[in-house]
**Student:** 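I have a structure I would like to understand better, so I am pasting it below and will then ask my questions one at a time.
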Amino acid sequence: QEIRVFAPATVANVACGYDVLGFAIDAPGDEVVVRFCDKPGLHITKITGDNGKLPKNPAQNTAGVAALDLLKHLGMTDRGIEMEIHKKMPFGSGLGSSAASAVAGAYAVNKLIGEPLTKKQLLPFAMAGEASADGAWHADNVGPCLLGGIVFIRSNDELDVAQIPAPKNLWAAVVHPDIEILTKVAREILPKEIPLENATQQIGNLGGLLCGLIQEDYGLIARSIHDVIAEPRRQKLIPDFYKAKRAAMGAGALGFSISGAGPSVFALCEGKESARKVVEAISKVFSAVPLGNQAYISKI
Ligand code: HSE
């Protein structure tokens, strides 16, 4: 028996929800294949699409760590399992690459052994996998990757998460400029303390965005997609960020910001046609960045 699973890319933060809000997109995504084998323990037999960067030691990559953590929890570390990892998105892209592998690893192994845990119960194991890569504990990639749609995290420590409905016609345009930003670096440049005024603005926008999503109020969504904390600092790492923002807004986006820790950027749009126009406008700006870009639109 062989289990093949797909785990999608995610847009974390969604502008005003640093570490507490994220959504999944249709593509790209990572694939993990698992099957039983006679040799006890977890063995990673094949990794593709990683440019040789991922170690095959399961304790050293996010899919392996998530799966090992799950097997340990279930007292099944002696069970012989082979795993293949097929990376379909770059590292350091801001698309939740390491989270996708972690989710795929935990989800695939759980399925192979007869689904003892629910999707939601897999969250801590996928989290442990992702944390092994960037050292931080935030579920805004892993949550939506595992559960789908838009996920709000009330507490990362308690892993108290809620799925938020998406308006019927809400689309995302996502563009990955071909540069790499390490999440660790993008987190280190953020201030430890922020002015009360900024905190108030950010809370207002986050509340507004959640209400807008739930009430299908595109105007309220548009007025709420602003990030006064991370974006002003992180945009410096992304050449032409404001040019791309102007292009996206000019093409009719509801809002635009950095996807996760960057360098990918995203826009929310009303309707598929609008998402197409916006993704084109953003892509044009980033063609100035060398080595070709990747662009996606997705229903949220
Ligand atoms: N919330 C995280 C950050 C996402 O912005 O650093 C990165 O994976």
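Just so you know, ligand 1 is whichever comes first in the structure, and atom 1 is the first atom listed for that ligand.
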**Student:** If you look only at pairs with a residue in residues 146-156, which of them pass as a side chain to side chain donor-acceptor pair (under 3.5 Å), with sequence neighbours excluded?
**Tutor:** Arg154-Glu158, Arg154-Asp160
**Student:** Tell me every residue that passes ring-ring contact (aromatic ring centres under 6.0 Å, His included) with His43, counting only those two or more places apart in sequence or in another chain.
**Tutor:** none
**Student:** Just list the side-chain donor-acceptor pairs under 3.5 Å for residues 252-267, sequence neighbours left out, or say none.
**Tutor:**
unit_1	atom_1	unit_2	atom_2	d
Ser257	OG	Glu231	OE1	2.6
Ser259	OG	Gly94	O	2.7
Ser264	OG	Ser93	O	2.7

**Student:** Non-hydrogen atoms closer than 4.0 Å to ligand 1: which protein residues do they belong to? List them by chain and number, please.
**Tutor:**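 Ala12, Asn13, Tyr18, Asp19, His138, Asp140, Asn141, Thr183, Arg187, Arg234, Gly260, Ala261.
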**Student:** Would you call Lys46 and Glu82 a salt bridge, taking side-chain N to carboxylate O under 4.0 Å as the test?
**Tutor:**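 Salt bridge flag = no for Glu82 with Lys46.
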**Student:** Are Arg187 and Asp19 close enough for a salt bridge, meaning some N to O gap below 4.0 Å?
**Tutor:**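 Salt bridge flag = yes for Asp19 with Arg187.
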**Student:** Counting only heavy atoms not in Lys277, do more than 12 fall under 6.0 Å of its NZ?
**Tutor:** no
